[in-house]
Structures are given as C-alpha cells and as structure tokens.
Amino acid sequence: MKDNFEVNIDDTINSGQVFLWKKFNSKWYGINGEKILILGDKLNGKSKDIQKFFRFDDDFQKIKKQLSKDNVAKKAIGNFPGMRILRQDPFQCYISFIVSSNSNIPNIQTRLQKLSQKFGEKKILHGKEFFLFPKPEKLANASIANIAKCGLGYRTKYVKKAAVAVNEGMVDFSSLKKLDYLEARNELCQVFGIGKKVADCILLFSLDKLEAVPLDRWVLRILQKYYSKEFQVTTKTITDKTYDNLHDKIVEHFGKYAGYAQQFLFKNERENFEKKWLG
DNA sequence: ACCTGACCTCGTCT
DNA sequence: AAGACGAGGTCAG
C-alpha cells in the first residue's frame, strides 16, 4: 500500500496487458469493462476502482524482493520498477486474449476498438467519445456476420461461442476465481478458442491467479536466451504437454508470483526489440 | 499421445 | 504500388 507512488503508469499500460487505452494531453483514458478510467501523471489513490485495478492489495515490495533472487528477473525489475500487473474486467480480458491469437498488438487493439464501437455503449466524457466494452449478452446475441466485420477472421466463431458461454452461465468468472489455478485453467480451456496460453492470460490479468504464466512466443524466446540451463526450450512453439512441464518448472523456480516474473521479463525483452505498444 | 499444417486479417516492409 | 511476411495460438487430422 505504501509504495503506490512507485507505479509507472506508462510502463504498466504499455506492457501488453490492456489494449483499449489512449493518451490525450498527457492523460491516459482507458476502458475497463463498463467503466472509463482516467489516469493523470500520478495515481489518484483515493479511488477504489484505481486501487483495485492496480492491485494495491499486493505486497509489491515483497514480490519484487522474492523475484529478484533470479538475476535476469532482477535486472528486468530494475529497468521497470513501477510496472504492475493489472486486475482487469474479466469479460473484457477474456475476449481480448481470445482475439489476440496469432496477432500483434496493433491488430488486437483495432479489433477490440471495432468490437466496442459496434456493440458497446457510447459515452461522452470530457467532451470525448468513448465506447464501453460490450456486455456478454450483447456479444452473445450478435450475428457471426456482424462480429466478423470487426476484422476477427477465424476468431469470429471463438468470440461468439465464448460470449454465449458466459451469457448462459457455462463460464462464471466469480466461480473461477474461487477455484485453484489448475482447476480454473481447465475450465477455461473447455471454451472453444481458448488454449493454455490464452487461459493463462485471463487468469493472470483478471482472475487473481498470480502463478499463471502465459507461455507465448516471447517467453519461449526469453527462456531460450537467458535460461538455457534451467529450462531446455528448443522450439518456437510448444505442445500441450511441454507447456505443463515448463510451467511446473517455472513456478518451482520463481515461486507463487511467477506471473509477475513473466510480466517483467516480457516487458523488458519487448523493449529491447522496440516493439510497438499503444498510441 | 505427439506432430503438422491450416487459418483470417491487418500493419509493415520491400 | 502490389505482394510477401509474420504476428503474444488453437483446432483438427
């Protein structure tokens, strides 16, 4: 709680967790489900929404200290000491990462903007126009043809089915939060279009499972580059079984905050390669 | 059980 | 300027 002043908003927004954020006149405006969040230079610690979103309930010093036992992570944390993991609106997070498969950040952002514009509620704030993230019901009842107009390609049917699953109660986020990590991941993977990587993103970024470690191309690259002794990763993509084996070893190595480790390593490596973030 | 290929679309790079 | 390339995966055979 006491080190909230350390939060680096830019680094946090630009770490591939969220996509519906824009900066106007040095203020960030973002959509989190049914809410519009506004962030100035410093966090307004009074707002409950902001506290929840930035996970002020986490003992950040303790987490950093624990992860710093690993030298590579320590360096990444040193470079981005104010980056946090965000606690997002679960439905938005769920759709966001389903839509992220085999794509890059500008692409993902465009798709989500179009979805919001087409199916989300319009709001005017500070004289600017915003669209809230669509409600599950709205997406569930949307036609395949209309969803497809948002440039989702083959992910169209994933989104439709995933929204229906939530709308009909097959997927219930508050129940998932109560399950342990692996049970919750198995549940999410039942949804058409959600594999282990996407499930891990949803769990880490919206369902409080800090031991979730999304193993994407970047993380695999990082493991090859810096952890050839600890984890033998040789391929660009991995099978389901390798995913689980690797995940077990990673949690063993980093501990229960492994998800935070992943985020620091990911951010650091992407910055090395100057990948694009949000505008 | 593993492995491989196909997959939509779009921004970027030639 | 048109064409190729690849991007934070998943599913099906």
Side-chain angles (χ1 to χ4, degrees), chain A residues 11-21 76 80 83 85-86 88 92-115 117-118 143-163 165 171 185-206 212-225 233-247 250 258-279:
Chain A
D11 285 344
T12 301
I13 299 294
N14 284 319
S15 65
Q17 302 179 61
V18 291
F19 305 96
L20 291 175
W21 285 78
F80 304 99
M83 192 200 65
I85 281 182
L86 297 168
Q88 297 180 44
Q92 180 174 337
C93 187
Y94 169 87
I95 298 296
S96 296
F97 285 95
I98 288 173
V99 147
S100 76
S101 87
N102 208 16
S103 303
N104 48 35
I105 286 181
N107 248 328
I108 299 165
Q109 187 185 22
T110 305
R111 288 181 193 136
L112 293 172
Q113 281 169 350
K114 287 184 178 171
L115 276 173
Q117 209 167 108
K118 206 161 172 52
S143 72
I144 289 285
N146 279 336
I147 298 174
K149 285 180 189 163
C150 300
L152 304 197
Y154 64 84
R155 304 164 197 79
T156 302
K157 54 186 180 298
Y158 297 168
V159 166
K160 169 79 176 175
K161 288 194 176 189
V171 170
R185 197 187 68 179
N186 285 337
E187 286 293 312
L188 280 173
C189 285
Q190 301 304 309
V191 178
F192 188 64
I194 299 185
K196 288 175 177 172
K197 187 272 171 184
V198 168
D200 272 339
C201 288
I202 300 164
L203 291 166
L204 177 61
F205 301 140
S206 73
V213 181
L215 299 178
D216 56 34
R217 285 170 149 94
W218 281 94
V219 175
L220 295 182
R221 248 174 254 160
I222 291 164
L223 295 177
Q224 291 182 50
K225 192 167 165 186
V233 178
T234 52
T235 50
K236 220 168 117 170
T237 54
I238 52 176
T239 63
D240 260 23
K241 195 175 177 183
T242 320
Y243 194 104
D244 284 337
N245 285 334
L246 242 186
H247 179 265
I250 288 171
Y260 265 101
Q262 177 271 357
Q263 197 59 25
F264 282 111
L265 296 172
F266 179 81
K267 168 72 175 168
N268 195 57
E269 193 67 3
R270 299 248 328 181
E271 290 292 344
N272 285 343
F273 284 86
E274 298 180 340
K275 298 304 285 187
K276 287 205 169 164
W277 302 110
L278 309 181

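Naming: A, B, ... by sequence-line order, numbering from 1 per chain. Basis for what follows: all heavy atoms, side chains included, without hydrogens, waters or symmetry-related copies.
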Whole Å only: how far is the CD1 atom of A:Ile108 from the C1' atom of C:dA7? 8 Å
Nucleotide forming a Watson-Crick or wobble pair with C:dG6, both distances under 3.5 Å: B:dC10
Whichever of A:Tyr158 and A:Lys241 has its nearest DNA chain B nucleotide further upstream toward 5': A:Lys241
Mind checking A:Phe273 for me? I need base, sugar-phosphate or nothing, with any heavy atom below 4.0 Å counting as a touch. nothing
Please name the residue in the list A:Ile222, A:Ile238, A:Asn102 that meets the side chain to side chain contact (heavy atoms under 4.5 Å, CB included) test with A:Arg217. A:Asn102
Listed nucleotide nearest any side-chain atom of A:Ile105, set C:dG9, B:dG11, C:dG8: C:dG8
Which part of the nucleic acid, if any, lies within contact of A:Thr239, taking any heavy atom under 4.0 Å across all strands shown: a base, the sugar-phosphate backbone alone, or nothing? sugar-phosphate
Please evaluate the base of C:dG9 for a donor-acceptor partner in the side chain of A:Tyr243 within a cut-off of under 3.5 Å? no
For C:dG8 and B:dC13, measure between their P atoms and round to the nearest Å. 14 Å
Between A:Thr242 and A:Gly151, who's closer to the 5' end of DNA chain B by nearest nucleotide? A:Thr242
Nearest listed nucleotide, side chain of A:Ser101, among C:dG8, C:dG9, C:dA7: C:dG9
Quick one: A:Ile98 CD1 to C:dT10 P, roughly how many Å, whole number? 10 Å
If you measure from the C1' atom in C:dC5 to the same atom in B:dC7, how many Å do you get, rounded? 15 Å
State which of C:dA12, B:dC8, C:dA7 makes the closest approach to the side chain of A:Phe192. C:dA12
Sticking with atom P, work out how far C:dG6 lies from B:dA6, rounded to a whole angstrom. 15 Å
Length of the CZ-C1' vector between A:Phe97 and C:dG9, whole Å: 13 Å
Using a 4.0 Å heavy-atom cut-off, does A:Val99 contact any base of the nucleic acid, only the sugar-phosphate backbone, or nothing at all? nothing
For B:dA1, the Watson-Crick or wobble counterpart (both distances under 3.5 Å): none
Considering only heavy side-chain atoms of A:Lys236, the closest of C:dG8, C:dA7, B:dG11 is C:dA7
Separation of A:Arg217 atom CZ from C:dC5 atom P, in whole Å? 15 Å
